[in-house]
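First the structure, in the form of structure tokens, and then the observations on it.
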Amino acid sequence: YVKKGLLPAPVKTSPNMAYYDPVCIERIAFIKKIQASRRLPLAAIKGLLKEMDRGRDVAPLLELQTTLFGGAGKKMTKAAFCRASGLEPDELVLLCTLELIIPLEEQAYDSHDLDLARQLKKCMDAGMDPADLKFYPDMAKQIVRAEIRMREKYTRDLDYEEDARLTLEMTQMARGLRTYVIDRTLQKQLIAFKGLKK
């Protein structure tokens with residue numbers, strides 16, 4: 001937690017002895033509670049602690065963080081993930097390099113990663129080259145940059161609580177809009193097809 005910036009550095013008195021600030025007890029309890037109840041990655045919890053240190057109520061931010069990161073379930077090691085997904089370690093490395101599998105924490109895979117990995121494995125076993133899917137993360141980066149610019153435009157002058165509220169609403173809308181627009185665009189294209197071929 002100290003290395004990740006979640007706790008203040010202790011006062012080292014010898015190579016294997018250090019004194020920690022008493023505030024660390026409360027911070028560790030908060031971290032453990034949020035990890036257990038909300039399944040947030042440590043980076044998200046770090047953001048909550050930063051706002052708490054500023055004296056802010058983190059309830060609105062916690063709701064936003066839960067929407068963004070929550071529900072991913074228990075983390076898996078690389079070995080457990082390969083067993084569960086059916087991927088070989090070199091296949092997993094390739095998928096991560098192509099940014100088709102994007103763990104939120106290094107070497108810690110969750111259920112979202114697993115669901116997609118299983119689907120990718122089936123397609124790879126059927127002969128699909130994962131490199132052909134590289135356009136997904138490339139386009140996603142463009143979409144995310146545009147969404148962040150839009151959020152900044154509309155939240156720039158808002159106070160903390162209003163910013164968190166509007167950001168949550170915009171996040172929920174964007175999630176629905178991404179799926180809807182892509183699916184509808186595909187459906188419109190498919191209407192023009194006669195069977196499986198153009």
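Placement of L87 and M128 within a single hydrophobic cluster is found when ILVMFWY residues are connected by side-chain heavy-atom separations under 4.5 Å, directly or transitively. One hydrophobic cluster, built from ILVMFWY side chains closer than 4.5 Å, cannot hold both L116 and V144; they sit in different ones. Cluster annotation: M124 and F135 are assigned to the same hydrophobic cluster (Ile/Leu/Val/Met/Phe/Trp/Tyr, side-chain heavy-atom contacts under 4.5 Å, transitive). Taking hydrophobic clusters as Ile, Leu, Val, Met, Phe, Trp and Tyr residues chained together by side-chain heavy-atom distances below 4.5 Å, L177 shares a cluster with M150. Note on Y19: it does not cluster hydrophobically with I25, by side-chain heavy-atom contacts below 4.5 Å among ILVMFWY residues.
Between R56 and D159 no salt bridge is recorded (no basic side-chain N to carboxylate O distance below 4.0 Å). For E169 and R165, the salt-bridge test passes: some basic side-chain N is under 4.0 Å from an acidic carboxylate O.
Heavy-atom neighbours of M139 CE from other residues, nucleotides or ligands within 6.0 Å: at or below the threshold of 12. For R184, the CZ atom counts as loosely surrounded, since its 6.0 Å shell holds 12 or fewer non-hydrogen atoms of other residues, nucleotides or ligands. Y160 OH: more than 12 foreign heavy atoms inside a 6.0 Å radius. Heavy-atom contacts from other residues, nucleotides or ligands closer than 6.0 Å to CG of D157 number 12 or fewer. Annotation: E26, atom CD; neighbour count of heavy atoms from other residues, nucleotides and ligands within 6.0 Å does not exceed 12. Applying the 6.0 Å contact sphere to CZ of F30 captures more than 12 heavy atoms from other residues, nucleotides or ligands. At most 12 heavy atoms of other shown residues, nucleotides or ligands fall within 6.0 angstrom of atom NZ in K3.
When all heavy atoms of M76 and S111 are compared, the pair lying nearest together is CE-N, 4.5 Å. Residues V181 and T185 share a closest heavy-atom pair of O-OG1, 2.6 Å. Residues L133 and L100 approach most closely at O-CD2, 3.5 Å, considering heavy atoms. When all heavy atoms of E51 and L61 are compared, the pair lying nearest together is CG-CD2, 3.4 Å. Across all their heavy atoms, K12 and A18 have their closest contact at CD-CB, 3.8 Å. The shortest non-hydrogen separation linking Q35 to Y1 is OE1-OH, 3.3 Å.
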Item to complete: Decide yes or no on side chain to side chain contact (heavy atoms under 4.5 Å, CB included) for L62 and I34, but give the supporting numbers first.
Response: CA-CA 9 Å; L62 182 56; I34 296 301; 4.0 Å; yes

Practice prompt. Start with the C-alpha gap between R151 and D163, add the side-chain angles, then the distance that decides, and say whether side chain to side chain contact (heavy atoms under 4.5 Å, CB included) holds.
Written response: CA-CA 9 Å; R151 186 199 83 78; D163 186 342; 2.7 Å; yes

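Between atom CG of residue L186 and atom NZ of residue K188 there is a gap of 12.5 Å, rounded to the nearest 0.5 Å. D125 CG to K121 NZ: the interatomic distance, rounded to the nearest 0.5 Å, is 4.0 Å. With rounding to the nearest 0.5 angstrom, the NZ atom of K32 is 15.0 Å from the CZ atom of R27. Here the straight-line distance linking atom CG of L104 with atom CG of L42 works out to 11.0 Å at 0.5 Å rounding. With rounding to the nearest 0.5 Å, the separation of CD in E63 from CG in L168 is 5.0 Å. Taking CD from E147 and OG1 from T167, the interatomic distance works out to 12.0 Å, rounded to the nearest 0.5 Å.
Between the side chain of D110 and the main chain of D113, a donor-acceptor pair closer than 3.5 Å is present. Proximity of a side-chain donor or acceptor of E99 to a complementary backbone N or O of P137 within less than 3.5 Å is not detected. In terms of modelled atom types and a separation under 3.5 Å, the side chain of T77 and the main chain of A80 share a donor-acceptor contact. Remark: the backbone N or O of A84 is paired with a side-chain donor or acceptor of R118 at under 3.5 angstrom.
Taking A164 as the reference, P60 meet the side chain to side chain contact (heavy atoms under 4.5 Å, CB included) condition, with sequence neighbours excluded.
At a threshold of 4.5 Å between non-hydrogen side-chain atoms, the residues K134 and D129 do not count as touching. Residues E162 and L166 have side chains not in contact (no heavy-atom distance under 4.5 Å, counting atoms from C-beta outward).
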